[in-house]
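Read the structure below first, then the notes.
By convention here, the first residue in the shown sequence is residue 1.
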Amino acid sequence: QVQLVESGGGLVQAGGSLRLSCAASGRTFSGYVMGWFRQAPGKEREFVASITWTYGNTNYADWVKGRFTISRDNAKNPVYLQMNSLRVEDTAVYYCAVRPVGTSPFDINSYKYWGQGTQVTVSS
């Protein structure tokens, strides 16, 4: 059974940084892509970034604009989301998700497995 467990969320002041982690287990993830989404209150869940499990190729939402970086270590697990220069509007629940290689990184329906999410709150 696939499990994705996010951690690292919390409360931070605007301009600060957080690093989220996603630990994946339950299957071999070669041929899959790890992604981060977020969902703010009253808004739809939106794509943040993704990274291929095997080669580390990345995709980002345009609005990230260099503030966030997705990465993984040499063991490929966990996957990280480094968030810098945080803004109040970055407040959301952040979710880790997995999709097969070759599917759209931006389409929420491409993602087969989801974590429970971790809350990020940015105060002014």
Side-chain angles (χ1 to χ4, degrees):
Q1 182 178 357
V2 173
Q3 279 195 314
L4 303 176
V5 180
E6 303 96 336
S7 61
L11 174 65
V12 63
Q13 285 191 325
S17 298
L18 280 176
R19 188 177 78 162
L20 306 183
S21 298
C22 174
S25 62
R27 66 161 297 144
T28 301
F29 289 98
S30 60
Y32 282 82
V33 183
M34 315 299 289
W36 286 96
F37 279 73
R38 71 181 188 181
Q39 188 166 20
K43 295 189 177 181
E44 293 186 350
R45 196 170 295 189
E46 64 175 349
F47 172 75
V48 178
S50 67
I51 186 167
T52 62
W53 186 262
T54 303
Y55 297 109
N57 299 323
T58 59
N59 275 293
Y60 291 94
D62 288 342
W63 56 263
V64 168
K65 294 182 180 177
R67 295 190 299 125
F68 296 0
T69 302
I70 189 170
S71 66
R72 53 154 180 64
D73 60 20
N74 289 335
K76 302 183 177 65
N77 200 7
V79 172
Y80 302 105
L81 184 68
Q82 177 68 43
M83 305 187 295
N84 298 327
S85 302
L86 283 163
R87 305 167 181 168
V88 172
E89 54 264 39
D90 293 320
T91 295
V93 178
Y94 284 72
Y95 296 91
C96 178
V98 174
R99 64 174 174 86
V101 169
T103 57
S104 169
F106 311 108
D107 184 353
I108 194 171
N109 295 312
S110 296
Y111 292 80
K112 297 183 60 176
Y113 308 107
W114 291 85
Q116 293 300 306
T118 185
Q119 176 71 46
V120 170
T121 302
V122 184
S123 63
S124 59

Side chain to side chain, V98 and K112, heavy atoms closer than 4.5 Å: no
V93 with L20, same ILVMFWY side-chain cluster at under 4.5 Å: no
Contact check, side chains of T91 and Q119, non-hydrogen atoms, under 4.5 Å: yes
Distance (rounded to the nearest 0.5 Å) between T52 OG1 and R72 CZ: 6.5 Å
Approximate separation, where rounding is to 0.5 Å, of Q13 CD and L86 CG: 11.5 Å
D90 side chain reached by M83 side chain, heavy atoms, under 4.5 Å: no
Heavy-atom pair with the smallest gap, counting every atom of S124 and A14: CA-CB, 4.5 Å
Short side-chain to backbone donor-acceptor contact, R27 and V2, under 3.5 Å: no
Residues, nucleotides or ligands: over 12 heavy atoms within 6.0 Å of Q116 CD: no
OH on Y94 to CD on E6, rounded to 0.5 Å: 12.5 Å
Atom of V79, atom of I51 and distance for their closest heavy-atom approach: CG1-CG2, 3.9 Å
N84 to S17 - nearest heavy-atom pair and separation: OD1-OG, 2.9 Å
In one Ile/Leu/Val/Met/Phe/Trp/Tyr side-chain cluster, 4.5 Å: L11, V122: no
Closest approach of R99 to S50 (non-hydrogen atoms, all atoms of both residues): NH2-OG, 3.6 Å
Shared hydrophobic cluster, V48 / V12 (ILVMFWY, side-chain heavy atoms < 4.5 Å): yes
Within 45° cone and under 6.0 Å: R38 NZ/CZ vs W63 ring: yes
Over 12 non-hydrogen atoms of neighbours within 6.0 angstrom of CD in E44: no
Pairwise distance CZ(R19) to OG(S71) - rounded to 0.5 angstrom: 7.0 Å
Flag side-chain contact, heavy atom, 4.5 Å: M34 against I70: no
Spacing of S21 atom OG and Q82 atom CD [to the nearest 0.5 Å]: 9.5 Å
Inter- and intrachain pairs under ring-ring contact (aromatic ring centres under 6.0 Å, His included), touching residues 24-43, at least two apart: F29-W53, F37-F47, F37-Y111, F37-W114
Inter-residue atom distance Y80.OH - C96.SG, 0.5 Å rounding: 12.5 Å
Exceeds 12 heavy-atom contacts within 6.0 angstrom, atom CG of D107: yes
